[in-house]
Structures are given as structure tokens and as C-alpha cells.
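Keep in mind that this is a model prediction, so the values were computed, not measured. Labels below follow one simple rule: chain letters A, B, ... track the order of the sequence lines, proteins then strands, and each chain is numbered from 1.
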2 protein chains.
Amino acid sequence: MDQLAAKPSHTPAPTLKENLRKTREEHARETAQDYVEMIAELIASQGEARVIDMARRLGVTHVTVIRTIQRLQREGLVTTQPYRSIFLTAEGRRLAKESRHRHEVVVAFLESLGVSAAVSQSDAEGIEHHVSRETLAAFVRHLEKKGGA
Amino acid sequence: MDQLAAKPSHTPAPTLKENLRKTREEHARETAQDYVEMIAELIASQGEARVIDMARRLGVTHVTVIRTIQRLQREGLVTTQPYRSIFLTAEGRRLAKESRHRHEVVVAFLESLGVSAAVSQSDAEGIEHHVSRETLAAFVRHLEKKGGA
DNA sequence: TCGATTCTGTAGCACTGGCTACATTATGCA
DNA sequence: TGCATAATGTAGCCAGTGCTACAGAATCGA
Ligand SMILES: [Mn+2]
Ligand SMILES: [Mn+2]
Ligand SMILES: [Mn+2]
Ligand SMILES: [Mn+2]
């Protein structure tokens, strides 16, 4: 009830307010994305995802990891039992796959613009969480155009 | 002391850990960037930046704005007096100018890839805060190549 | 001019995600 | 096999950023 009353039909044009709200929501989700992505990688490479390995790779203490894992469990992305390693739910695996793909596209896209590998990796870590479906598609188009194949 | 010991000379290759730490730091700064950018816009268009206008545009309550402004004042980006409007310090103006420029480049860049204006605005609101100097330069190069002029 | 309304500010709550200090459980090796 | 070490977990602190409820100051129009 704080919209410009009458004006349906064509899309109502997103306001700055709505864009900022969306960005805040993305921030709330990005920890989840980085975590499930890393859990999937650890399971693939080490056979299991342990709190201590995540803490070392994330650069935070194990306490922070434990509390975040508890939240992700509450949200249905992972499962754990006391003193056991971490597993992904079906939804967690889905999100991990999607996040990894987007991450790779963003890195490849930045590199295709001539950005160094190191900076591409670094910037992608933040940018990835704010790339919509439409923008991701545009990145892929750009890569296909340049990449040949 | 958790680096690969011996291997100086050329840059030590940033670890995932360091990239994530950098992303966290960027998040701590992005509120400041969006605020000073908006304060500059309000001063330019309305003659002054008031709490209530910022709250409406940001989509948060005035309480949140007041507390954030207090922090920005502590950090030397703005000045205020009780019941008076908000001013930028020299450093605040510098940051506002830089943020606005980067915001505009990011939006223009996304649009140049064929992303719709609405989505470009929305994605840029988050992406802008993770675009390094080097990536920004790559965006500008890409725009100059396509844009002609 | 003065009273209603609007604006600014404070108190106190929730949640996230950092941390240290300490407790408990598992693990691995002598 | 047992004990030192490593890993996991809990308690409680902090800062940031949301919120509602309420208090105080400023403004505007009748
Ligand atoms: Mn990331
Ligand atoms: Mn972000
Ligand atoms: Mn902006
Ligand atoms: Mn922004």
C-alpha cells in the first residue's frame, strides 16, 4: 500500500527501495551458498566435510562454522549429528550445484574481459551472489560469442 | 604463518580464505557507500538530506537510518547535529563521488551486455560493491570498445 | 500563536556472524 | 590400552542492521 496506486498492466518498474531490499536478501543467502558449495567440494575431494576443514578454508573459527551449520540445518540445507561430519540435503546439493556453476561462469566471464585470474577469483566471490538469472544468461552469451567452440 | 612457507618474489596467489575475508570487508563498507551516495543525491536534488527521506528511499525505518548515520559520523564520513539534516565530510563526498561513478559504470556495463534496464539497476545495487579497480577498468574498456565515440 | 502533525531520537528486542574461553567427545599413537 | 591431542560443542561477549514502542523537538497551518 505504498505503491503509486493505479497503474497495473506493464511491470511496475522496480524502485531503488525494492532493489536495496533485494540486495539485503541476497546477503542473507550468500553465506548459505558459499557454505554448501564448500561442503560439496570437501565431500568430493576429502570424502567428508568436517567443521575444522571448513573453518580453515573459510578463515573463521570453528565456532562460527558450527553456528552457521546449525542455521543451515534449521533451513533444511544440511544434516549433521553430534561429532559427525556434515551432509547436504537434496536441496543443499541443488543449491551447491547452482552456486558452483554460477561461480564458475562469473570467474570465466571476468577473465574473458581481461581481468587477471587472481582478481577474477577474488571479485567473483562477492559478485556471484548478486548475479540474477538474466545477467548470468548475458554472461554466458558473451562467453559463447568470444569463446568460439 | 599458514602459507606455503618458501615462495617469495611474485605475488603469493590469494587463497579462498583471503578472498572471503575481502568480501566480508566489502560488505561492511557497502552500507556506507549506499548512504553517502544517497546523501549526495538528496543534497543535490532537495537541498538537504533528512533522515525521513533516506528511510523512505532505503526502505527501512528511520531508526535504522539514525543509527547508521551515527556510525558514519563516528567513521568521519558525515556530520550532523541533533534535529538537523545530514552533511558529508570531504571524505564522505569523495566516497560518494567514487561510489556513484562505479554504480553508473556497472549499470551501463550490464546494459551493454543486453541486460534489461530494470535488472541492470537491480543487480548493480549489489554487484557494485564487489567490483575492484581492475575489474572496473575492464568494464570501462568494454564500454569504450562497444560504445564507439 | 498554539496545537496537531511530522520529524528526530532513545530503549530495547531479534538475528547474523565475528570472537575467546572453556567443556566434552573422538582419535590416534606409544 | 590408555592418554595426549585434535575435533566438536557451549557460553557469553561484541558489532551491525533490522524492528516496535515510546519520548521529545520542530514545523506548519488554522
Ligand atoms: Mn561467494
Ligand atoms: Mn554483496
Ligand atoms: Mn549504489
Ligand atoms: Mn549498492
- Note on the structure: So the contacted stretch of DNA chain C, first to last nucleotide with an atom under 4.0 Å from a non-hydrogen atom of chain A, runs from C/dT16 to C/dT25
- Query: How long is the gap from OG1 on A/Thr79 to CG on A/Leu72, to the nearest 0.5 Å?
  - Reply: 11.5 Å
- Query: Are any non-hydrogen side-chain atoms of B/Lys22 and A/Ser122 less than 4.5 angstrom apart?
  - Reply: yes
- Item | A/Glu98: partners by salt bridge (Lys or Arg N to Asp or Glu O under 4.0 Å), with sequence neighbours left out | A/Arg94
- Message: Which residues pass the side-chain contact (heavy atoms from CB on, under 4.5 Å) test with B/Ala49, not counting sequence neighbours?
- Response: B/Ile39, B/Leu42, B/Ile43, B/Ile86
- Partner set under side-chain contact (heavy atoms from CB on, under 4.5 Å) for B/Glu104, not counting sequence neighbours: B/Arg100
- In short, A/Leu143 meets A/Ala108 closest at the heavy-atom pair CD2-O, 3.7 Å
- Query: What integer distance in Å separates B/Arg29:CZ from D/dT17:P?
  - Reply: 13 Å
- Message: Can you pull out every salt bridge (charged side-chain N to carboxylate O under 4.0 Å, His left out) where at least one residue sits in residues 24-47 of chain B? Sequence neighbours excluded, please.
- Response: B/Arg21-B/Glu25
- Query: Can you name the residues that form a side-chain contact (heavy atoms from CB on, under 4.5 Å) with B/Ser132, not counting sequence neighbours?
  - Reply: A/Val119, A/Asp123, B/Glu134, B/Thr135
- Indicate whether the side chain of A/His130 and that of B/His129 have a donor and an acceptor atom separated by less than 3.5 Å. no
- Task: With sequence neighbours excluded, tell me which residues meet side-chain contact (heavy atoms from CB on, under 4.5 Å) with B/Ser120.
- Result: B/Val107, B/Leu110, B/Glu111, B/Val115
Using nucleotides 25-28 of chain D, report all nitrogen or oxygen pairs with the protein that are shorter than 3.5 Å.
from: D/dA25; atom 1: O4'; to: B/Tyr83; atom 2: OH; distance (Å): 3.1

- So which of residues 32-57 of chain B are in contact with DNA chain C, with a heavy-atom cut-off of under 4.0 Å? B/Arg50, B/Val51, B/Ile52, B/Arg56
- Item | For DNA chain D, the residues among residues 60-79 of chain B that have a non-hydrogen atom under 4.0 Å from it | B/Val60, B/Thr61, B/Val63, B/Thr64, B/Arg67, B/Arg71, B/Arg74
- Query: What residues, two or more places apart in sequence or in another chain, satisfy salt bridge (Lys or Arg N to Asp or Glu O under 4.0 Å) together with A/Arg102?
  - Reply: none
- Message: Under the rule for salt bridge (Lys or Arg N to Asp or Glu O under 4.0 Å), what residues qualify as partners of A/Arg57, not counting sequence neighbours?
- Response: none
